[in-house]
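Quick notes on the structure that follows.
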Amino acid sequence: MHELAERAGVSGRTLRHYHRIGLLDPDRVGSNGYRYYGPDAVGRLQRILLLRDTGMPLARIAAVLDAESSPTAEIDALLAHLDQLKADRLALERRIQAVEHTVRMRREGRRPPMDVMLQGFNDRYEDEVVRRWGQEAFDASNEWWHAKSIGQQRDWKARSESLVHRWAALQEAGEAPDSPASQAHAAVHVAWFTEIPGTPTHAGDRERSAAMICGVAAMYETDPDFHHTFGSPDAARLAAAALRIHVQGTGTGTGTGTAGG
(Lines give C-alpha, C1' and ligand atoms only; values in the text may rest on other atoms or scores of the structure.)
Protein backbone atom coordinates (compact mmCIF):
# COMPACT_ATOMS: atom_id res chain seq x y z
CA MET A 1 0.00 0.00 0.00
CA HIS A 2 2.77 2.44 0.88
CA GLU A 3 4.42 1.96 -2.51
CA LEU A 4 1.14 2.58 -4.35
CA ALA A 5 0.42 5.63 -2.22
CA GLU A 6 3.82 7.11 -3.02
CA ARG A 7 3.57 6.42 -6.75
CA ALA A 8 0.02 7.82 -6.93
CA GLY A 9 0.84 10.88 -4.83
CA VAL A 10 -1.77 10.13 -2.19
CA SER A 11 -1.50 9.23 1.46
CA GLY A 12 -1.96 5.82 2.99
CA ARG A 13 -4.83 7.31 4.95
CA THR A 14 -6.54 8.20 1.65
CA LEU A 15 -6.24 4.62 0.39
CA ARG A 16 -7.61 3.30 3.67
CA HIS A 17 -10.52 5.75 3.39
CA TYR A 18 -11.25 4.65 -0.19
CA HIS A 19 -11.27 1.04 0.99
CA ARG A 20 -13.52 1.84 3.95
CA ILE A 21 -16.17 3.53 1.75
CA GLY A 22 -16.00 0.83 -0.90
CA LEU A 23 -14.46 3.02 -3.57
CA LEU A 24 -11.20 1.08 -3.99
CA ASP A 25 -10.84 -2.46 -2.66
CA PRO A 26 -7.40 -4.06 -2.41
CA ASP A 27 -6.88 -7.43 -4.05
CA ARG A 28 -6.19 -8.84 -0.62
CA VAL A 29 -5.34 -7.84 2.93
CA GLY A 30 -2.44 -9.65 4.55
CA SER A 31 -2.39 -11.13 8.03
CA ASN A 32 -0.29 -8.15 9.03
CA GLY A 33 -3.06 -5.77 7.89
CA TYR A 34 -1.22 -4.63 4.78
CA ARG A 35 -3.32 -4.00 1.71
CA TYR A 36 -2.11 -5.35 -1.61
CA TYR A 37 -3.25 -3.85 -4.93
CA GLY A 38 -3.03 -5.50 -8.32
CA PRO A 39 -3.06 -3.96 -11.83
CA ASP A 40 -6.88 -3.64 -11.95
CA ALA A 41 -6.97 -1.77 -8.64
CA VAL A 42 -4.13 0.48 -9.80
CA GLY A 43 -6.04 1.28 -12.99
CA ARG A 44 -9.17 2.03 -10.98
CA LEU A 45 -7.18 4.32 -8.69
CA GLN A 46 -5.92 6.25 -11.71
CA ARG A 47 -9.50 6.85 -12.86
CA ILE A 48 -10.54 7.81 -9.34
CA LEU A 49 -7.80 10.42 -9.13
CA LEU A 50 -8.58 11.81 -12.58
CA LEU A 51 -12.26 12.23 -11.71
CA ARG A 52 -11.42 13.56 -8.26
CA ASP A 53 -9.31 16.29 -9.86
CA THR A 54 -12.43 17.51 -11.67
CA GLY A 55 -14.07 18.11 -8.29
CA MET A 56 -16.54 15.24 -8.71
CA PRO A 57 -17.77 13.94 -5.32
CA LEU A 58 -16.46 10.52 -4.30
CA ALA A 59 -19.96 9.03 -4.14
CA ARG A 60 -20.55 10.08 -7.75
CA ILE A 61 -17.16 8.68 -8.79
CA ALA A 62 -18.08 5.33 -7.25
CA ALA A 63 -21.39 5.32 -9.12
CA VAL A 64 -19.64 6.09 -12.41
CA LEU A 65 -16.95 3.44 -12.00
CA ASP A 66 -19.39 0.78 -10.83
CA ALA A 67 -21.94 1.47 -13.57
CA GLU A 68 -22.74 -1.57 -15.69
CA SER A 69 -24.28 0.52 -18.46
CA SER A 70 -22.69 1.73 -21.67
CA PRO A 71 -19.04 2.82 -21.93
CA THR A 72 -20.32 6.39 -22.26
CA ALA A 73 -21.42 6.45 -18.61
CA GLU A 74 -18.25 8.22 -17.56
CA ILE A 75 -18.62 10.79 -20.34
CA ASP A 76 -22.25 11.41 -19.38
CA ALA A 77 -21.25 11.84 -15.75
CA LEU A 78 -18.49 14.26 -16.70
CA LEU A 79 -20.87 16.31 -18.83
CA ALA A 80 -23.37 16.46 -15.98
CA HIS A 81 -20.57 17.46 -13.63
CA LEU A 82 -19.46 20.11 -16.10
CA ASP A 83 -22.96 21.58 -16.14
CA GLN A 84 -22.90 21.69 -12.34
CA LEU A 85 -19.51 23.39 -12.32
CA LYS A 86 -20.79 26.02 -14.75
CA ALA A 87 -23.80 26.65 -12.52
CA ASP A 88 -21.50 26.89 -9.51
CA ARG A 89 -19.34 29.38 -11.41
CA LEU A 90 -22.36 31.58 -12.15
CA ALA A 91 -23.41 31.42 -8.51
CA LEU A 92 -19.87 32.37 -7.43
CA GLU A 93 -19.81 35.26 -9.90
CA ARG A 94 -23.11 36.53 -8.47
CA ARG A 95 -21.67 36.32 -4.96
CA ILE A 96 -18.57 38.24 -6.07
CA GLN A 97 -20.78 40.91 -7.63
CA ALA A 98 -22.88 41.10 -4.45
CA VAL A 99 -19.77 41.58 -2.31
CA GLU A 100 -18.41 44.22 -4.68
CA HIS A 101 -21.79 46.00 -4.62
CA THR A 102 -21.87 45.88 -0.82
CA VAL A 103 -18.32 47.28 -0.61
CA ARG A 104 -19.30 50.16 -2.90
CA MET A 105 -22.39 50.92 -0.81
CA ARG A 106 -20.44 50.85 2.45
CA ARG A 107 -17.82 53.20 0.99
CA GLU A 108 -20.66 55.55 0.04
CA GLY A 109 -21.94 55.40 3.61
CA ARG A 110 -25.09 53.49 2.68
CA ARG A 111 -26.45 50.30 4.25
CA PRO A 112 -26.67 47.28 1.97
CA PRO A 113 -30.29 46.39 1.17
CA MET A 114 -31.58 43.43 3.13
CA ASP A 115 -32.57 40.27 1.34
CA VAL A 116 -36.13 39.80 2.57
CA MET A 117 -36.04 36.11 1.66
CA LEU A 118 -33.26 35.52 4.19
CA GLN A 119 -33.65 38.20 6.83
CA GLY A 120 -37.42 38.33 7.09
CA PHE A 121 -39.84 41.02 6.10
CA ASN A 122 -39.17 43.62 8.80
CA ASP A 123 -36.39 42.14 10.96
CA ARG A 124 -34.21 45.16 10.24
CA TYR A 125 -36.85 47.48 11.69
CA GLU A 126 -37.84 45.34 14.69
CA ASP A 127 -36.80 47.92 17.31
CA GLU A 128 -38.67 50.69 15.49
CA VAL A 129 -41.81 48.59 14.98
CA VAL A 130 -41.86 47.44 18.60
CA ARG A 131 -41.28 50.98 19.87
CA ARG A 132 -44.09 52.44 17.80
CA TRP A 133 -46.70 49.67 17.76
CA GLY A 134 -45.62 47.00 20.24
CA GLN A 135 -44.16 43.51 20.15
CA GLU A 136 -47.46 41.96 19.03
CA ALA A 137 -47.44 44.09 15.88
CA PHE A 138 -43.93 42.97 15.01
CA ASP A 139 -44.68 39.31 15.74
CA ALA A 140 -47.84 39.39 13.61
CA SER A 141 -46.09 40.79 10.55
CA ASN A 142 -43.05 38.58 11.01
CA GLU A 143 -45.12 35.41 11.35
CA TRP A 144 -47.18 36.42 8.31
CA TRP A 145 -43.98 36.81 6.29
CA HIS A 146 -42.34 33.57 7.35
CA ALA A 147 -45.55 31.63 6.73
CA LYS A 148 -45.17 32.44 3.04
CA SER A 149 -43.45 30.03 0.70
CA ILE A 150 -40.27 31.15 -1.05
CA GLY A 151 -42.31 31.63 -4.22
CA GLN A 152 -44.84 33.81 -2.41
CA GLN A 153 -42.04 35.84 -0.87
CA ARG A 154 -40.51 36.38 -4.30
CA ASP A 155 -43.90 37.44 -5.67
CA TRP A 156 -44.33 39.92 -2.84
CA LYS A 157 -40.84 41.30 -3.40
CA ALA A 158 -41.57 41.69 -7.13
CA ARG A 159 -44.81 43.54 -6.39
CA SER A 160 -42.98 45.78 -3.93
CA GLU A 161 -40.36 46.62 -6.55
CA SER A 162 -43.11 47.33 -9.08
CA LEU A 163 -44.76 49.67 -6.58
CA VAL A 164 -41.53 51.63 -6.16
CA HIS A 165 -40.70 51.69 -9.87
CA ARG A 166 -44.09 53.25 -10.57
CA TRP A 167 -43.14 56.21 -8.36
CA ALA A 168 -39.95 56.64 -10.36
CA ALA A 169 -41.95 56.61 -13.59
CA LEU A 170 -44.40 59.19 -12.25
CA GLN A 171 -41.54 61.44 -11.17
CA GLU A 172 -39.85 61.15 -14.56
CA ALA A 173 -43.18 62.02 -16.21
CA GLY A 174 -43.31 65.24 -14.19
CA GLU A 175 -46.38 64.31 -12.15
CA ALA A 176 -47.12 66.51 -9.14
CA PRO A 177 -47.90 64.90 -5.75
CA ASP A 178 -51.55 65.95 -6.00
CA SER A 179 -52.08 64.88 -9.62
CA PRO A 180 -54.71 62.20 -10.31
CA ALA A 181 -52.00 59.74 -11.33
CA SER A 182 -49.94 60.30 -8.19
CA GLN A 183 -52.98 60.11 -5.94
CA ALA A 184 -54.17 56.93 -7.62
CA HIS A 185 -50.80 55.32 -6.96
CA ALA A 186 -50.77 56.65 -3.40
CA ALA A 187 -54.00 54.71 -2.86
CA VAL A 188 -52.31 51.61 -4.29
CA HIS A 189 -49.37 52.17 -1.97
CA VAL A 190 -51.60 52.46 1.09
CA ALA A 191 -53.56 49.36 0.04
CA TRP A 192 -50.21 47.56 -0.06
CA PHE A 193 -49.63 48.60 3.57
CA THR A 194 -53.02 47.22 4.59
CA GLU A 195 -52.01 43.71 3.51
CA ILE A 196 -49.36 43.51 6.24
CA PRO A 197 -50.66 42.16 9.57
CA GLY A 198 -49.52 44.08 12.61
CA THR A 199 -49.63 47.48 10.91
CA PRO A 200 -52.25 50.06 11.94
CA THR A 201 -53.46 50.12 8.34
CA HIS A 202 -54.19 46.39 8.46
CA ALA A 203 -56.05 46.83 11.74
CA GLY A 204 -58.06 49.76 10.36
CA ASP A 205 -56.85 52.11 13.09
CA ARG A 206 -57.48 55.47 11.40
CA GLU A 207 -55.42 57.71 13.65
CA ARG A 208 -52.41 55.44 13.93
CA SER A 209 -52.59 54.57 10.23
CA ALA A 210 -52.19 58.23 9.32
CA ALA A 211 -49.29 58.56 11.78
CA MET A 212 -47.62 55.44 10.38
CA ILE A 213 -47.89 56.57 6.77
CA CYS A 214 -46.56 60.03 7.59
CA GLY A 215 -43.69 58.43 9.50
CA VAL A 216 -42.86 56.20 6.54
CA ALA A 217 -43.08 59.21 4.24
CA ALA A 218 -40.52 61.01 6.39
CA MET A 219 -38.13 58.06 6.01
CA TYR A 220 -38.67 58.06 2.25
CA GLU A 221 -37.58 61.71 2.19
CA THR A 222 -34.57 61.52 4.49
CA ASP A 223 -33.08 58.03 4.34
CA PRO A 224 -30.47 57.61 1.55
CA ASP A 225 -31.31 53.90 1.40
CA PHE A 226 -34.86 54.75 0.35
CA HIS A 227 -33.54 57.26 -2.18
CA HIS A 228 -31.60 54.38 -3.71
CA THR A 229 -34.63 52.07 -3.54
CA PHE A 230 -36.86 54.57 -5.34
CA GLY A 231 -34.18 55.28 -7.93
CA SER A 232 -33.61 58.88 -6.90
CA PRO A 233 -34.29 61.30 -4.02
CA ASP A 234 -36.87 63.10 -6.18
CA ALA A 235 -38.91 59.93 -6.73
CA ALA A 236 -38.80 59.17 -2.99
CA ARG A 237 -39.91 62.72 -2.20
CA LEU A 238 -42.77 62.48 -4.70
CA ALA A 239 -44.00 59.31 -3.00
CA ALA A 240 -43.72 60.94 0.43
CA ALA A 241 -45.61 64.07 -0.57
CA ALA A 242 -48.31 62.14 -2.42
CA LEU A 243 -48.86 59.82 0.54
CA ARG A 244 -49.27 62.77 2.91
CA ILE A 245 -51.82 64.37 0.59
CA HIS A 246 -53.66 61.06 0.29
CA VAL A 247 -53.82 60.69 4.08
CA GLN A 248 -55.16 64.22 4.46
CA GLY A 249 -57.69 63.69 1.69
CA THR A 250 -59.11 60.40 2.99
CA GLY A 251 -58.79 61.23 6.63
CA THR A 252 -58.09 57.58 7.34
CA GLY A 253 -54.79 56.62 5.79
CA THR A 254 -56.51 53.49 4.48
CA GLY A 255 -57.68 54.46 1.03
CA THR A 256 -58.65 51.89 -1.53
CA GLY A 257 -56.68 50.58 -4.44
CA THR A 258 -55.24 47.48 -6.00
CA ALA A 259 -51.75 46.73 -4.76
CA GLY A 260 -49.02 46.10 -7.27
CA GLY A 261 -48.58 49.40 -9.12
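No hydrogens, no waters, no symmetry mates; every other heavy atom, side chains included, goes into these values. We're numbering straight along the sequence, starting at 1.
In this structure, His189 has its ring center closer than 6.0 angstrom to the ring center of Tyr220.
A single hydrophobic cluster is seen to contain both Met212 and Met219, as judged by linkage of ILVMFWY side chains at heavy-atom distances under 4.5 Å, directly or through other members. When hydrophobic clusters are built by joining Ile, Leu, Val, Met, Phe, Trp and Tyr residues whose side-chain heavy atoms come closer than 4.5 Å, directly or via intermediates, Leu82 is not grouped with Val64. In the hydrophobic clustering of this structure, Leu49 groups with Met56; members are Ile, Leu, Val, Met, Phe, Trp, Tyr whose side-chain heavy atoms approach within less than 4.5 Å, directly or through other members.
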Would Trp144 and Ile196 satisfy side chain to side chain contact (heavy atoms under 4.5 Å, CB included), going step by step from the backbone distance to the final call?
CA-CA 8 Å; Trp144 161 81; Ile196 307 169; 3.9 Å; yes
Apply side chain to side chain contact (heavy atoms under 4.5 Å, CB included) to residues Leu65 and Ile61 and explain how you reach the verdict.
CA-CA 6 Å; Leu65 298 185; Ile61 293 174; 3.9 Å; yes
Kindly determine whether Ser232 and Gln171 satisfy side chain to side chain contact (heavy atoms under 4.5 Å, CB included), including the steps that lead there.
CA-CA 9 Å; Ser232 71; Gln171 188 273 322; 4.0 Å; yes
How far apart are the C-alpha atoms of Glu195 and Arg159, what are their side-chain angles, what is the distance that settles it, and do they pass the salt bridge (charged side-chain N to carboxylate O under 4.0 Å, His left out) test?
CA-CA 12 Å; Glu195 296 181 40; Arg159 291 176 56 224; 2.9 Å; yes
Step-by-step side chain to side chain contact (heavy atoms under 4.5 Å, CB included) determination, Leu15 to Tyr37
CA-CA 10 Å; Leu15 292 181; Tyr37 297 87; 4.0 Å; yes
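Using a cut-off of 4.0 Å between Lys/Arg side-chain N and Asp/Glu carboxylate O, Asp83 and Lys86 are scored as not salt-bridged. Between Asp178 and Arg244, no side-chain nitrogen of the basic residue sits less than 4.0 Å from a carboxylate oxygen of the acidic one, so the salt-bridge criterion is not met. Salt bridge annotation for Arg166-Glu161: absent, with no cationic side-chain nitrogen under 4.0 angstrom from a carboxylate oxygen.
For Arg44 against Gly22, the heavy-atom pair with the smallest separation is NH2-O, 4.4 Å. Here the closest non-hydrogen pair linking Pro177 and Ser182 is O-CB, 3.4 Å. Listed here is the closest heavy atom pair of Val164 and Thr229: CG1-O, 3.1 Å. Nearest heavy atoms, Thr194 versus Ala191: OG1-O, 2.5 Å. Nearest heavy atom pair, residue Ala240 against residue Glu221, reads CB-CG, 3.4 Å. Contact detail for Val247 and Ala210: the closest heavy-atom pair is CG1-CB, 3.5 Å.
Rounding to the nearest 0.5 Å gives a distance of 12.5 Å between CG of Asp40 and CG of Leu45. Atoms CG and CZ, from Leu163 and Phe230 in turn, are 7.5 Å apart once rounded to the nearest 0.5 Å. Atom CG of Leu238 sits about 9.0 Å away from atom CG of Leu243, to the nearest 0.5 Å.
A donor-acceptor contact shorter than 3.5 Å is absent between the side chain of Ser162 and the backbone of Ala158. Without hydrogens or angle criteria, Ser179 side chain to Ala176 main chain gives a donor-acceptor distance under 3.5 Å. Side-chain atoms of His246 never come within 3.5 Å of backbone atoms of Ala241 as a donor-acceptor pair (strictly under, hydrogens ignored).
Using a 4.5 Å heavy-atom threshold, the side chains of Thr54 and Leu50 count as separate. The side-chain heavy atoms of Tyr36 and Val29, taken from C-beta on, include no pair separated by under 4.5 Å. Residues Pro57 and Arg60 have side chains in contact (heavy-atom distance under 4.5 Å, counting atoms from C-beta outward). Residues Asp234 and Glu172 are not in side-chain contact: their nearest non-hydrogen atoms beyond the backbone lie 4.5 Å or more apart. A heavy-atom distance below 4.5 Å is found between the side chains of Trp192 and Ser160.
When only modelled atom types and interatomic distance are considered, Arg52 and Tyr18 share a side-chain donor-acceptor pair under 3.5 Å. A donor-acceptor pair shorter than 3.5 Å can be found between the side chains of His19 and Arg35.
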